[in-house]
Amino acid sequence: MSETFYITTPIYYANSLPHLGHLYTTIVADVVARHKRQRGSETLFLTGTDEHGLNIQRAAEKNDRTPQEQVDVISGELKRMFHDFRLDGENGGYDIFMRTTEPFHYAGAQHLWREIAKGVSPKGNPNIYKAFYRGWFCAPCAEFKTEEQYVMVEGSDIPHCPIHERPLDQVAEESYFFNLSDYQDFLLEMIENDPNLVKPEARRNEVISFIKGGLQDLSISRQKSSVAWGVPVPDDDDHVMYVWMDALSNYITALGFGNDRESAPGFDKYWSNVTHLVGKDILRFHTVYWFSFLHAAGLPIPGTVYAHGMWLDADGRKMGKTLGNVIEVDVLHQHFQVDAIRYFVMRDMVFGQDGKFGYENLIERANADLASGLGNLASRTFSMITKYRDGLVPDGKIAEENYLNARRAGLDPDGQELVSVVTHARDEFLRRFENFEFSQALESVWAVIARVDKMISDSKPWELIKDENQAETLNAVLYRACETLRWLSILLHPVMPEATKSIYSQIGLSDDISKIDPADLNWGELPSGTKIGETVGVFPRIDKNKVMSEIQESSQETVVSSQELDTASVPVVEEVIENFITIDDFLKVELRVGEVKVCERIPNADKLLRFEIDLGEPEHRQILAGLAEYYEPETLIGRKVVVVANLKPRKMRGLESQGMICAASLEDDSGPNPALAAFLEDVAVGARLK
RNA sequence: UGCGGUGUAGUUCAACGGUAGAACAGCGGUCUCAUAAACCGCUAGAUGGAGGUUCAAUUCCUCCCACCGCGACCA
């Protein structure tokens, strides 16, 4: 029986519309899956959506939908995108689109829970225990806020909810805990002993150092009263499973773990060789948590978890809506060939590192490598075969008595040199591919194209045709070019399924390219006399100026429409504040003009600046503000600022802050971006604002 | 502040301790089968800085600088 291969993308959280990140991960998985199928592995490729949790529950309420309707919409959008980019099953892409709302997934996730609960930790303690989860709770949100989710407000020691701008309550809720702290040694040993378990190496180091930093037990349930939309905890209807536990288990429930559906691919069959592809932002969940859950349930841990990088814009900045540098998947689909996009993302990003994605980069890459490179080689080859040999692939053998003629034309008579170049490129490609070094794999193949272009330039077929003695030389040139194209089509098929199929059929071949193992290729297997098919351009040259201006226009439209869609499906929680304050309320706030006398950084604090401010009082005020990331301290000295003068003093970083500096809080996708309040006119220090 | 990583041509990246290379871009030329393509040639660098080990350092070691990631701290 042949080897099995199971590859997964993360299941994408059904709270936001599809974007480049989803597309990228899925393309990579698709390329690998097609490659493995070609190599003869029984391959299973899984993607899908993670459809539970509070965010989804809330989005549904806002849209007047049931949660089920809500996730149907988002997973429908994702499927539509996958279909557009031919990543779906219909087009030879994923085998399973997993959805965590499937009943069989409920059964499987609960089975996993039970298996975990049945066992004990490596230190002999119960894997799951019930205790009180203490945390900061926002009642209007009905949600516990983690450190990333709450904000500290100056003048208060209590964390505030950023949405409702009110203090959080410290609440203890009964919850199930997973005994993660007992798995520290197990995880370390596992990850340190197997260099292939977490890749690339830099990410592996990160995970190791995170584990070494100590692990805390993990709350793995929420009370149904606060989060209803989820998989119920087995035998306890008051609780719902923590969404990550629910989501991660999809990788095995999809195979049939803990459920007995007919169509299941088979857990034992596929779990033996699994590769999880993840973004670097969710690596921890897929290593620390997932490995522990599996081990606790007595299941083997995966073969490889591979974290890839993120796409930045052409200047290396993070993509964000306010920067306006987002690559829209619909724009991509509308203006570019799917295969060109696939080639670009595989070729331009060194897998595992961050990459830069600009429409111009894509155009340049496609024009240089695809139009001028592979496409042009195919075009000139087929054109010559049509013109010079009536569209029949000639015999590539040169008789020994004609060797001299071939040499005179600058052609290696027996062709061994080219054969070894092509064979070597194939071997190198396969080796690189197995290591997920896609960029280098492709690079090594492109050397072959240059080599064949050179063969054509050197031997000059347009002159050979004029000399009857050079008939065999010409034949050999044409045959070699054509045979190389056959190899390239097969080799590159996983990366560019449509284009390579087209080239392959233009050669005149009709067998199924997706089932040919490149490792089995032998030079010379292209039969002479093959009638080439109709010649069609495979990679049209992209007019950069034209396409860029078209994108410019259409992106203005899509920005609007995607915003509409976004608010429709993922509502921003907006508080309509109808509470007016009276003038007396306002006058309670003492706003005064101050002049910055001293402004300096505080050692070991990334964000805090220490100010001494003259408010016209006998002593200058010391005020701390989180502005260090946005302003150079020196530039603020002498500046007039607005200060809340009667704010309750608060200690920060061991220093007392006696007031607050007013700034507009401009939100940006890259984070807050404040601007200090200032005056156009000259104002006296100490003046009151009212 | 702890751990890890990166720093090489205009750009993206290579170089078991052994003469710093490739691709793209740029400039010049050749050619016409081809998608203004291809082919040939040229240009380009004190390998972030300072030390050290060595016959020999981009590579190994130490320190410093800059940027990135993870965490801590802080918001």
Side-chain angles (χ1 to χ4, degrees), chain A residues 147-148 150-154 159-160 162 200-214 280-281 283-284 307 309-310 312 314-318 347-350 352-356 358 360-361 364-389 410 437 439-440 442-444 446-447 449-465 474 477-478 481 535-543 602-609 624-630 650 652-655 657 665 671-672 674:
Chain A
E147 256 178 87
E148 290 95 48
Y150 64 62
V151 292
M152 297 303 292
V153 176
E154 285 176 56
H160 281 57
E201 204 186 331
R203 298 287 159 207
R204 176 167 165 256
N205 293 340
E206 261 174 39
V207 173
I208 288 173
S209 81
F210 178 79
I211 298 169
K212 282 184 174 162
K280 64 182 184 184
D281 50 334
L283 180 61
R284 195 192 308 164
M310 302 298 184
L312 307 171
D315 298 320
R317 296 170 304 182
K318 280 184 184 158
R347 174 65 183 81
D348 244 56
M349 183 188 266
V350 175
Q353 297 176 19
D354 287 349
K356 294 177 186 174
E360 300 202 23
N361 305 108
E364 278 160 20
R365 180 61 80 180
N367 279 345
D369 290 3
L370 300 180
S372 303
L374 182 56
N376 182 59
L377 178 61
S379 171
R380 68 196 306 203
T381 302
F382 296 139
S383 160
M384 287 190 288
I385 291 178
T386 305
K387 270 187 197 165
Y388 301 152
R389 291 294 182 258
E437 295 169 320
S439 182
Q440 297 92 327
L442 290 168
E443 196 178 348
S444 61
W446 253 254
I449 294 172
R451 182 66 191 71
V452 176
D453 271 332
K454 184 169 162 53
M455 173 188 76
I456 294 171
S457 296
D458 288 352
S459 61
K460 303 185 180 69
W462 50 96
E463 283 177 15
L464 299 178
I465 186 66
L474 176 56
V477 170
L478 298 179
T535 304
V536 227
V538 188
F539 300 112
R541 177 165 302 279
I542 305 168
D543 183 333
I602 296 173
N604 298 344
D606 291 345
K607 301 191 179 180
L608 279 186
L609 289 181
L624 306 183
L627 296 167
E629 289 178 301
Y630 316 103
R650 182 182 174 223
M652 293 163 80
R653 201 82 206 173
L655 300 167
S657 181
S665 57

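Lettering of chains follows the sequences in order, A, B, ..., and the numbering in each one begins at 1.
- Of all the heavy atoms in A/Ala307 and A/Pro200, the pair that sits closest is O-CD, 3.2 Å.
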Please set out all donor-acceptor pairs under 3.5 angstrom arising from side-chain atoms of residues 375-386 of chain A, sequence neighbours excluded.
unit_1: A/Arg380; atom_1: NH1; unit_2: A/Asp453; atom_2: OD1; d: 2.6
unit_1: A/Thr381; atom_1: OG1; unit_2: A/Leu377; atom_2: O; d: 2.6
unit_1: A/Thr386; atom_1: OG1; unit_2: A/Phe382; atom_2: O; d: 2.7

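- Taking a pair as Watson-Crick or G-U wobble with both distances under 3.5 Å, the runs of three or more consecutive pairs in RNA chain B are B:1-7 with B:65-71, B:10-13 with B:21-24, B:26-30 with B:38-42, B:48-52 with B:60-64.
- Between A/Asp369 and A/Glu443, the closest side-chain pair of non-hydrogen atoms is not below 4.5 Å.
- Atom CG of A/Leu442 and atom P of B/A23 are 16 Å apart (whole Å).
- Comparing the C1' positions of B/U12 and B/G45 gives an interatomic distance of 15 Å, to the nearest angstrom.
- Going from atom CZ of A/Arg451 over to atom C1' of B/A23 covers 18 Å, rounded to whole Å.
- Of the candidate nucleotides B/C40, B/C70, B/G71, B/C70 has the atom lying nearest to any side-chain atom of A/Glu206.
- OP1 and OP2 of B/G69 both lie 4.0 Å or more from every side-chain N or O belonging to A/Lys280.
- A distance of about 14 Å separates the P atoms of B/A22 and B/C39, rounded to the whole Å.
- Considering only heavy atoms from C-beta on, A/Leu283 comes within 4.5 Å of A/Val207 through its side chain.
- Listed for the A/Asp354 side chain is no donor-acceptor partner under 3.5 Å among the backbone atoms of A/Gly309.
- Nucleotides B/C60 and B/U54, compared at atom C1', are 10 Å apart to the nearest Å.
- Rounded to an integer number of Å, the gap from CZ of A/Arg541 to C1' of B/U35 is 5 Å.
- Distance from the side chain of A/Arg203 is smallest for B/G69 among the nucleotides B/C3, B/U35, B/G69.
- A/Ala366 and A/Ile542 make their closest contact through CB-CD1, 3.9 Å (heavy atoms, listed as atom of the first residue, atom of the second, distance).
- With both ends at atom P, the span from B/A44 to B/G51 equals 27 Å, rounded to whole Å.
- Both A/Phe210 and A/Gly537 sit near RNA chain B, but only A/Gly537 has its closest nucleotide nearer the 5' end.
- Comparing the P positions of B/A75 and B/C68 gives an interatomic distance of 22 Å, to the nearest angstrom.
- Rounded to whole Å, atom C1' of B/C3 lies 14 Å from atom CD1 of A/Ile211.
- Classified by its glycosidic torsion, B/A46 falls in the syn category, the angle being within 90° of 0.
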List, with names and distances, any nitrogen or oxygen atoms from the protein found under 3.5 Å away from nitrogen or oxygen atoms belonging to nucleotides 5-14 of chain B.
unit_1: B/U12; atom_1: OP1; unit_2: A/Lys356; atom_2: NZ; d: 3.2

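- Across the protein-nucleic acid pair, A/Asp453 atom CG and B/U35 atom C1' stand 12 Å apart, rounded to whole Å.
- One atom, CG of A/Asp369, and another, P of B/U35, lie 19 Å apart when rounded to the nearest Å.
- Other residues, nucleotides and ligands place no more than 12 heavy atoms under 6.0 Å from the CD atom of A/Glu201.
- A/Ala450 comes within 4.0 angstrom of sugar-phosphate atoms only, judged by non-hydrogen atoms across all strands, and of no base.
- Rounded to whole Å, the distance from CG on A/Asn367 to C1' on B/A25 is 13 Å.
- Closest approach of A/Glu206 and A/Arg203 over heavy atoms only: OE2-NH1, 2.8 Å.
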Using a cut-off of under 3.5 Å, enumerate the N/O to N/O pairs linking the protein to nucleotides 30-33 of chain B.
unit_1: B/C33; atom_1: O4'; unit_2: A/Tyr388; atom_2: OH; d: 3.2
unit_1: B/C33; atom_1: O3'; unit_2: A/Lys387; atom_2: NZ; d: 3.0
unit_1: B/C33; atom_1: O2'; unit_2: A/Ser383; atom_2: OG; d: 2.9
unit_1: B/C33; atom_1: O2; unit_2: A/Arg380; atom_2: NE; d: 3.3
unit_1: B/C33; atom_1: N3; unit_2: A/Arg380; atom_2: NE; d: 3.4
unit_1: B/C33; atom_1: N3; unit_2: A/Arg380; atom_2: NH2; d: 2.7
unit_1: B/C33; atom_1: N4; unit_2: A/Arg380; atom_2: NH2; d: 3.0

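- Residue A/Gly375 is classed as a base contact, given a heavy-atom separation below 4.0 Å to a base.
- With sequence neighbours excluded, no residue satisfies salt bridge (Lys or Arg N to Asp or Glu O under 4.0 Å) with A/Asp281.
- Closest non-hydrogen pair, A/Leu370 versus A/Trp446, comes out as CD2-CZ2, 4.0 Å.
- Sequence order on RNA chain B of the closest nucleotides to A/Val207 and A/Ile449 puts A/Ile449 first from the 5' end.
- Proximity note for A/Ala368 (side chain, C-beta onward) versus B/C24, B/A38, B/C70: the nearest is B/C24.
- In this structure, the side chain to side chain contact (heavy atoms under 4.5 Å, CB included) partners of A/Glu437, at least two apart in sequence or on a different chain, are A/Arg432, A/Asn435, A/Gln440.
- Remark: the separation of the C1' atoms in B/U30 and B/G69 is 49 Å, to the nearest Å.
- In this structure, A/Asn376 reaches the bases: a heavy-atom distance under 4.0 Å links it to at least one base atom across the strands shown.
- Counting only heavy atoms from C-beta outward, the side chains of A/Trp462 and A/Leu474 never approach each other to under 4.5 Å.
- We find that CD1 of A/Ile208 is positioned 15 Å from C1' of B/G71, with the value rounded to whole Å.
- Taking both residues in full, the closest heavy atoms of A/Arg541 and A/Ser372 are given as NH2-OG, 2.6 Å, listed atom of the first, atom of the second, then distance.
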